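One structure below.
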Amino acid sequence: MSLSYDLMDLETLTLNAKQIQDDVLKEILTLNVHTEYLQRFLHGSSDKELFKKNVPVVSYDDVKPYIERVANGEPSDVISGNPITGFFLSSGTSGGKHKILPMNNKFFENMIQLNALSSPFISRYMDGAKQEKEMKISFCRPLSKTPSGLPVSGVLSSFVTSNYFKNQPKEMYTSPKDVTLCPDNKQSMYCHLLCGLVQRNEVTSISAYFASTLAHAINFLETNWKELSSNIRHGHVSEWITDRSCRDSVSTILGEPNPELATLVDYECSQKSWEGIITRLWPKAKFLDCIATGQMGQYIPTLDFYSNQLPIFSMVYASSETIFGINVDLSCKPHDVSYTCLPNMSYFEFIQVDDEENKDEIVDLVNVTLGCYYELLVTNYFGLHRCKVGDILQVTGFYNSVPQFRFIRRKEMVLSIQTEITTEEYLLKALNHATLVLEASNLMLMGSTCYADLSTIPGHYVFYWELKSKSINGVELVNSVMVKCCCVMEESLSYLYRIFRSKDGSIGALEIRVVQEGTFDSLMEFFVSRGSSMSQYKTPICIKSSEALTVLEDKVLSRFFSDKCPHL
Ligand code: AMP
């Protein structure tokens with residue numbers, strides 16, 4: 001049996017979510033009924049009720065031994081009825097460690113369907129205007145192999161090395177495919193920008209998978225615009241672009257010397273302020289397409305500044321385990337985006353997390369309650385059954401019969417010194433409030449991460465911040481502004497934090513350590529050198545690895561502490 005939901009449009013997919021979810025589960029159970037994993041719990045049955053009763057809710061670590069057996073050469077049917085043809089390496093920057101997740105081509109087919117489902121919303125937004133070219137900043141990491149010879153790579157790298165990407169029409173993008181496929185991310189970034197500048201009058205949108213990549217691209221442009229413009233002036237690609245196919249295809253796009261364009265790039269990039277640089281260099285750009293929800297929300301003010309507030313569309317919510325949903329309301333402000341679940345992608349269940357009475361109750365997709373918070377469980381086509389993804393979502397509405405969810409936070413990203421639990425949500429709220437203080441002083445937050453420093457008595461929260469000035473004068477740190485940022489952040493933290501800090505004194509004053517410009521690029525390079533893929537990289541909102549902390553600590557310029565206790 002094979003479901004033909006692949007061809008459905010969003011209306012059909014969302015009209016009868018219950019039936020689709022039941023069919024998806026039936027199909028997965030029928031496929032996997034004889035796998036070693038399911039056999040243990042279902043003894044050959046594919047009954048939904050038995051599945052709910054007998055198959056345990058697991059975390060990745062519980063199924064890891066099974067996954068590793070397949071990676072080490074045992075047959076796919078240890079976990080999956082369909083052949084496993086490779087593994088996705090999760091980014092490891094949100095959860096702190098890499099996971100490998102089984103996959104096959106069906107995942108790529110789903111990615112294609114996802115694009116097809118979201119494109120009408122973009123077309124509608126363009127309102128008849130022609131969507132010409134997309135300047136898409138994406139990267140690839142060379143595939144590695146499991147001991148049994150199966151490919152392992154991030155979802156996005158795997159996709160761009162598959163035929164599904166290679167067969168996409170090349171006219172859609174400013175960069176030739178060889179630029180994305182270049183294994184050296186620095187050469188790749190340089191060439192993306194060069195191709196984008198050369199075709200500046202055709203660019204109607206600028207995109208990357210995550211907002212942080214777009215912020216990184218602007219930083220890169222700031223460091224390299226003189227060289228880029230010189231390449232344009234002379235019609236010659238810099239010698240350090242040594243990847244043959246990348247160099248050849250970019251040279252073709254660069255074409256003859258173009259002093260007129262080079263002069264324009266020089267003029268715009270040497271302006272006092274880089275405010276609106278995106279719209280100045282790419283005047284037809286109508287929107288930015290990148291995920292700006294969850295921890296990516298911290299990049300919204302920076303992108304607003306550089307793009308003169310172009311709309312930012314967070315189109316997709318997906319992970320290495322499954323594609324989950326799409327954003328169907330492009331008029332929504334970036335902070336308020338919700339994702340409409342796509343019920344044909346996997347079988348979804350939800351554990352309620354905000355209600356002590358119903359704690360641990362598991363509900364189906366169509367039985368979630370508006371306003372409630374849930375942890376997501378996935379049963380996918382590649383051998384995961386009732387597996388926790390580690391994300392907390394809130395139900396915000398319905399599209400036909402399908403619930404819509406706001407991404408709230410990663411479950412495990414928490415800071416704690418006493419018994420307080422400071423979740424990603426609190427940290428983001430604190431950062432948002434501090435950003436307002438910075439804005440009033442013409443400063444932008446280019447990167448932030450934090451950790452709980454237990455080496456001091458009492459322990460205290462430490463934030464590493466990279467700042468940039470909105471004007472050309474550079475960053476001038478005013479003590480009172482920085483101390484105010486510390487205080488504003490403490491005021492935004494939980495009641496328990498404020499009690500420990502104010503009454504009990506068992507948490508010390510919150511500290512901000514300002515780091516040199518470029519530090520967060522070094523942090524990204526550190527994670528990429530440890531196996532993360534650059535397209536999937538997300539700056540960790542808090543850091544546990546001592547080696548990563550050393551990267552930051554080496555670049556600290558100055559330190560500031562809050563000077564008063566937060567209110568209770
Ligand atoms: P990975 O499997 O390494 O690609 O990471 C997937 C994780 O990235 C998800 O589980 C989420 O925590 C996060 N993520 C993916 N898409 C979004 C989104 N649209 N908004 C917020 N977080 C997201």
Side-chain angles (χ1 to χ4, degrees), residues 59-60 67 87-103 107 110-111 114 118 138-139 141 152-160 207-214 288-300 312-330 332-342 345-346 348 374-378 380 382 384 387-394 396 404-414 423-425 427-428 524 527-528 530-542:
S59 60
Y60 175 75
I67 295 176
F87 293 87
F88 290 140
L89 187 69
S90 74
S91 61
T93 47
S94 37
K97 55 184 181 219
H98 292 290
K99 304 183 264 188
I100 58 162
L101 294 148
M103 53 74 95
F107 199 103
N110 289 345
M111 285 173 88
L114 183 72
S118 36
S138 64
F139 305 93
R141 220 195 133 74
V152 186
S153 196
V155 176
L156 303 168
S157 289
S158 306
F159 180 69
V160 296
S207 69
Y209 291 101
F210 289 105
S212 55
T213 311
L214 285 190
L288 306 178
D289 177 351
C290 59
I291 292 173
T293 43
Q295 67 194 96
M296 289 295 137
Q298 57 179 296
Y299 294 97
I300 295 171
I312 303 175
F313 297 155
S314 292
M315 295 308 296
V316 181
Y317 166 39
S319 68
S320 311
E321 289 87 350
T322 184
I323 290 168
F324 181 81
I326 61 168
N327 172 11
V328 298
D329 180 7
L330 300 190
C332 204
K333 289 263 167 288
H335 280 296
D336 302 328
V337 166
S338 289
Y339 298 95
T340 301
C341 183
L342 298 175
M345 294 289 167
S346 289
F348 299 110
Y374 295 94
E375 179 173 5
L376 174 64
L377 289 185
V378 167
N380 71 11
F382 320 107
L384 296 182
C387 189
K388 293 179 177 176
V389 173
D391 291 344
I392 307 292
L393 313 175
Q394 184 190 22
T396 51
Q404 298 175 302
F405 296 85
R406 200 159 66 89
F407 180 91
I408 301 296
R409 61 181 170 90
R410 289 291 296 173
K411 190 177 173 209
E412 72 264 40
M413 293 308 252
V414 287
T423 60
E424 187 175 290
E425 196 182 7
L427 293 173
L428 290 173
M524 177 176 70
F527 280 108
V528 170
R530 296 294 159 109
S532 296
S533 119
M534 189 139 141
S535 288
Q536 259 169 277
Y537 175 76
K538 311 171 210 56
T539 310
I541 196 114
C542 54

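Indexing begins at 1, ligand by ligand and atom by atom, following the structure's order. Just so we're clear, the structure is a prediction, and the values are computed from it rather than from any experiment.
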The residue among Leu393, Leu428, Thr423, Ile541 that forms side-chain contact (heavy atoms from CB on, under 4.5 Å) with Arg409 is Thr423
Donor-acceptor pair between Glu321 and Ser319 side chains, under 3.5 angstrom:
yes
Ser90 and Tyr60 side chains, donor-acceptor separation under 3.5 Å: no
Could you tell me, atom by atom, which parts of ligand 1 come under 4.0 Å of a heavy atom of [X]?
{"X": "Gln536", "answer": "1 (P), 3 (O), 4 (O)"}
{"X": "Val389", "answer": "10 (O)"}
{"X": "Tyr317", "answer": "15 (C), 16 (N), 17 (C), 18 (C), 19 (N)"}
{"X": "Ser319", "answer": "2 (O), 6 (C), 9 (C), 10 (O)"}

Within less than 4.0 angstrom of ligand 1, does [X] place any heavy atom?
{"X": "Ala318", "answer": "yes"}
{"X": "Gln295", "answer": "no"}
{"X": "Val155", "answer": "no"}

Check: of Phe407, Phe210, Tyr339, Tyr537, min heavy-atom distance to atom 21 (C) of ligand 1 comes from Phe407
Judged by heavy atoms only, the candidate from Ser320, Ser533, Gly390 nearest atom 2 (O) of ligand 1 is Ser320
Kindly assign one of parallel, tilted or perpendicular to the pair [X] and [Y], based on the angle between their ring planes and the thresholds 30° and 60°.
{"X": "Tyr537", "Y": "Phe527", "answer": "tilted"}
{"X": "Tyr339", "Y": "Tyr317", "answer": "tilted"}
{"X": "Phe107", "Y": "Phe382", "answer": "tilted"}

Any heavy atom of Lys538 under 4.0 Å from ligand 1? The part involved is side chain
Going by the 4.0 angstrom heavy-atom rule, the piece of Asp391 near ligand 1 is side chain
Worksheet item: Taking side chain as C-beta onward, heavy atoms only, is Tyr209 less than 4.5 Å from Met296?
Response: no
Any salt bridge linking Lys411 with Asp391? Criterion: basic side-chain nitrogen under 4.0 Å from a carboxylate oxygen.
no
Quiz prompt | Distance-only N or O hit between ligand 1 and Thr293, under 3.5 Å | solution = yes
